[in-house]
Amino acid sequence: MKKTLLFGLVLIINGWGNIKANNVQVSNVALSSTGVVSFDVSWENSWRTNTTLTTPNNHDGVWVFIKWRYCIDRPASQGGATASVSGFRHAFIDTVAAKHTVPAGAGLEIGKSFTQLTPTPSNRGMGVFIYRNAGNMGIGNVNFTNVALQWDTTGVSPSSGVDIKVFAIEMVYIPQGSFYVGDGRANNQASMLSAQSTATPPNVPFQVTSEAPIPIATPGGLYVNSALGNTSTTPVGANFPKGFDAFWIMKYEVSQNQYVDYLNCLSRNEQDARTQSNLIQTSTNRPIKFINNINTITNRFVIKAPATFPAFEPIIFGVDANDNEVFNEASDGGYSAVGFINAEDILFYIDWVGLRPMSEMEYEKAARGPLVPIPFEYAWGNTTITPQVGFTNPFQANELTIPSGDGPCVVDDWVSSPTIGLTRVGARQFPLATRVQAGASYYGVADLSGNVSEFVMPLLTNARANFSRFVHGDGEIITPHNAIPSLNWLSFSTSFNSRGGHFTSVYNPSIPGYINATISNQNSGASTSRQWGTGIRAVRTSLP
C-alpha cells in the first residue's frame, strides 16, 4: 500500500501488487494532480512470436483497469465518515492514445465501451491492453515500468480525495483468420458443430472464413446437432462473435485470489448476492466459515469471510486453505481456479472487469487455431491425455499437478477416481514447456480442457440473436442485483453453455471421446445453482 499526498488530502492507492494470477503484479501505483494513474506491471512467461505452423503469430498481454471511490465512502472501521454500503466504481480512461504512456518495448490498445448491438465506440475507455510490441519479440518475463494512464475524471472530483485500485489480468491475443469448428468425428452425437451436408449426421468440420452471416441447416452452412436441443435454423448474424476477427481471451481461468479482489470491491448487498453464505447487512458474524456455505474445505474451495465484521460495511474476504484464520498466506490456495459459482456470478464478474463472455466458436478458435481438426482432440492438439491425480506443493504459488506426461488434464479418472478438485490456474505452464507438456492451446491459452468449465454462448439458442461481439461489460454492478440493463446479459443467462469439461468430468480410457473435455464436445448448460466445476474466463473483441 502506498500513500500519496494530493490537494492536501491523503489518498490510499492500492496497487494490488501481492495478488497474482500466474505472477502478474502491479506495483508503485500513484495518482497525480491531473488524474494520471502511474504504475509498474510485470508478469511471467510472456511471449511474442512470428508465424509458423507450430508457432502462431500472436502474443500475450494484460488487461489493465482501474476502480475508485471517494475516501469519505470508506467504511467507518477504515476511517470513513459513516458505515458504508457503497463499493468501488469503474474509472474510465481517456480514449486518446497519445494521452497514455508505456515504456519502450510495450504496446497499448484501448478497450472502448460500446452501445448495445452496434460497433460504434462511445467516449468511454474501459481499460487498456499492455503487451510486447512488434519490436519486442521473444519469450520470457516482462517488467514494464512507468506506465501512465490518463483518467477521464468527467463527473468525478479527485481533489475531494479518492482511493484507487489498479487491476491486471493476463490475456492472450487471438489474431484474425480462418479456422474450423467441429472435429470431424464419425460419431457426431456429442459434437456440436460441423458442415451442413446430406450425411446423417454430417461429420465434416466447417471452416469459418469471415464474420459474415452463416446459414444453418442449409447446404454450405453450419450443421448444429438438433439432438442436443437446437430449435433455431435462423442464420448466425453478422454481430455474433464467430471467432474470425481478432479477440483477446484470458490466459487463465479466474483464480480464487482474483475473485477475492473482486468481492472486496463490492458493497455489502452485492457481496451477499455473489456468495452462498447469508451475509445480509445487519449480520456481524459469519454464518458458516467458507462462502460456499460449508464449514470444511470442499474440492479445494478456500474463500472465507472473517469470523466477525461490522454490520452494514463491506466484508474483507480472503483465502485460507490451512483454516487457521490467517488470510492470504503463501500456502492458502488462492491460485486455484474459482468454482462453486453460477451463471449470474459469472456474468456479473465479466461485466465488472469490462470484458464479455465468449462464444463457442471463439472457444474452438482459441483452442485449435487454424489447424485442421483431429477427431476427439483436446485443447493441446492431440488425443493423448494424462489425467492428473495429485499435487506437489499443494495450495502454493508453485503448486504442480502430477503425474507428468503429455496432455495433463484435471479430470475424474475412471480408474482411480481422484476428483482432485480446483487446481492452480496454469499449473503446467512453465518455461520451455511444449504445448502438449503444458496442456495449452495452439495460441498458448491454459486449461481450455479440464480444471473448470468454459462459459460460452452456444448456437443452439435463440438468445444468440441478442449477443454481440461489440458489447462488453460497463464496469459497474448496479441495484437491483438481478439486472444489468446496459447489457441485458442476465435476461438470457441460462441460455449460456459450457465447453472443455472440468475436474468432475469422467474420463474413460476405453471409450474415445467419452470425456467432454475434447474441443468439439458440447457440455451441460448454464445453471442458476452454484456448481463446483463452473469457472470464469472472458474475452474482448480487439478493434482499432
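Only this structure's heavy atoms are used, side chains among them; waters, hydrogens and symmetry mates stay out. Keep in mind that this is a model prediction, so the values were computed, not measured.
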Under 3.5 Å: donor-acceptor pair, side chain of [X], backbone of [Y]:
X	Y	result
R268	E313	yes
E362	S359	yes
Q256	R300	yes

The single option from F65, F88, Y262 that satisfies ring pair (Phe, Tyr, Trp, His ring centres under 6.0 Å) with F167 is F65

Handout entry: Test: R124 cationic atom under 6.0 Å from F92 six-membered ring centre, within 45° of axis
Key = yes

Under the criterion salt bridge (Lys or Arg N to Asp or Glu O under 4.0 Å), I'd like the reasoning laid out for E476 against K67: C-alpha separation, chi angles, the key distance, then a yes or no. CA-CA 10 Å; E476 302 284 356; K67 299 291 179 176; over 6 Å; no

Original post:
So, do W248 and F129 have ring centers that fall under 6.0 Å from each other?
Top reply: yes

Between E253 and the options L448, T423, V452, I536, the side chain to side chain contact (heavy atoms under 4.5 Å, CB included) test singles out V452

Sorted by chain and number, sequence neighbours left out, ring pair (Phe, Tyr, Trp, His ring centres under 6.0 Å) with H100 holds for none

TODO: Might you confirm whether atom CZ of R286 has over 12 heavy atoms from other residues, nucleotides or ligands at distances under 6.0 Å?
DONE: yes

Sorted by chain and number, sequence neighbours left out, salt bridge (charged side-chain N to carboxylate O under 4.0 Å, His left out) with E329 holds for none

query: Mind checking whether Y363 and R537 have side chains closer than 4.5 Å, heavy atoms only?
result: no

